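Everything below concerns the one structure shown next.
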Number of protein chains: 2
Amino acid sequence: MSSAHLSIGDLSRATGTKVETIRFYEKNGLLPEPSRTQGNYRAYEPAHLSRLSFIRRARDLGFSLDQVRALLTLSDDRSQSCAAVDVIARAHRDEVERKIKDLQSLKTVLDQVIESCHCNIVADCAIIESLAPAPQGS
Amino acid sequence: MSSAHLSIGDLSRATGTKVETIRFYEKNGLLPEPSRTQGNYRAYEPAHLSRLSFIRRARDLGFSLDQVRALLTLSDDRSQSCAAVDVIARAHRDEVERKIKDLQSLKTVLDQVIESCHCNIVADCAIIESLAPAPQGS
DNA sequence: TATACACCCTGTAGTCGCTATAGGGTCAAG
DNA sequence: CTTGACCCTATAGCGACTACAGGGTGTATA
């Protein structure tokens, strides 16, 4: 009987997670429902804190909630092969890599567009012009 | 002359925008309401097509709908100073730049995490371990 | 004892930018 | 006269929260 229970506010402060977000994780099956006090307050065990920290760390690394759920399930079954973990991590890294490339080519275009503007009024603005389609008015 | 009306499907095909998205833009004030046919079909002018193209191009460049709205308003008042356009474009570019940097440092961490895994079972998995930080007292 | 205040509860709706349905109406061709 | 493509409105869903509204609980102080 460990009696050092934590309130939702304690978890919030300990992990930098908003209280509403913690309840959201519970409702969405990432964090198991804790026991309750007489006044119906959530009373967490240290294990909950560990799990929430895990979730936050994975979220910080950009894993989706679905991916976090999968990682949690895998980490719960510690005898399982590590390969599935690797697959999730690599898929996520590839996704991040793709996003970086996309944003880099986007930035190149934005740089060009911004660079091209030497005008004073919107009528001559190269930025606006680059957004407007060539007037193929027939 | 300009009485060749376009259906919503025409606009959709011409710009690669889903029909629902076009209606969404109308409901959200980006695309003005067109006139209607006797059968209550939307009947667009070429000006609508230009405006939708503008929206799509700006969206492709990652501008938010709020930013697109602002750009459209500016481009409508062609005597205005170009400075406001520049501000929006630069703000967006800065945002993109920031996202690239964030993702790059994220990828560095992911690379390290993935690299560190040489194990077979989850119990020893460095990826999982790196997500579950040592429980900090406080 | 009262009461002020921080904290907690549930439930619902809002954010962004669409996308996907449900349940119909319109219109031209065969 | 029916098929089928197209169109209409209205509503709900996505992800990952965030922000209320409208209450209850717990404790320190006047």
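Values in this document were obtained by computation on a predicted structure and should not be read as measured data. A, B, ... follow the sequence lines: proteins, then strands. Residue 1 opens every chain.
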**OP:** Please report, rounded to the nearest Å, how far the P atom of D:dC17 is from the CD atom of A:Glu26.
**Re:** 15 Å
**OP:** Could you check A:Lys27 against A:Ala43 and say which one's nearest nucleotide on DNA chain C is further toward the 5' end?
**Re:** A:Ala43
Subject >> OP1 or OP2 of D:dA16 under 4.0 Å from side-chain N/O of A:Tyr25 >> reply: no
Original post:
Ion pair present between B:Arg51 and B:Asp76, side-chain N to carboxylate O less than 4.0 angstrom?
Top reply: yes
**OP:** Using the closest heavy atom to pick a nucleotide of DNA chain D for each, name whichever of A:Glu20 or A:Leu65 lands nearer the 5' end.
**Re:** A:Leu65
Subject >> SB check A:Arg98 A:Asp102 (cutoff 4.0 Å) >> reply: yes
Subject >> Under 3.5 Å donor-acceptor, A:Glu95 side chain and A:His92 backbone >> reply: no
Original post:
In whole Å, what is the span from the CZ atom of A:Phe24 to the C1' atom of D:dA19?
Top reply: 14 Å
Subject >> Spacing between B:Glu33 atom CD and D:dC8 atom C1', to the nearest angstrom >> reply: 14 Å
Original post:
What string of B, S and - do you get for nucleotides 3-8 of chain C, 5' to 3', if B is base contact, S is sugar-phosphate-only contact and - is no contact with any protein heavy atom under 4.0 Å?
Top reply: ----BS
**OP:** Would you mind reading off the distance between A:Leu30 atom CG and D:dG15 atom P, rounded to a whole angstrom?
**Re:** 12 Å
Subject >> Phosphate-side-chain proximity, B:Ser64 and C:dC16, N/O vs OP1/OP2 below 4.0 Å >> reply: no
Original post:
So, are A:Arg42 and A:Glu26 salt-bridged, with charged N and O less than 4.0 Å apart?
Top reply: yes
Original post:
Got a second to check how far B:Cys82's SG is from A:Ile127's CD1, nearest 0.5 Å?
Top reply: 5.5 Å
Original post:
What is the distance, rounded to the nearest whole Å, between atom CZ of B:Arg69 and atom P of C:dC18?
Top reply: 11 Å
Original post:
Rounded to the Å, how far apart are A:His5 NE2 and D:dG26 C1'?
Top reply: 17 Å
Original post:
Should the pair A:Asp86-A:Arg90 be classified as a salt bridge under the 4.0 Å nitrogen-to-oxygen rule?
Top reply: yes
Subject >> Side-chain N or O of B:Lys18 closer than 4.0 Å to phosphate OP1/OP2 of C:dG17 >> reply: no
Original post:
Side-chain N or O of B:Thr37 less than 4.0 angstrom from OP1 or OP2 on D:dC7?
Top reply: no
Original post:
Roughly how far apart are A:Thr108 OG1 and B:Arg93 CZ, rounded to 0.5 Å?
Top reply: 11.0 Å
Subject >> Gap between atoms OH and C1', on B:Tyr44 and D:dC6 respectively (whole Å) >> reply: 14 Å
Original post:
How many Å lie between CZ on B:Arg36 and C1' on C:dT26, as a whole number?
Top reply: 13 Å
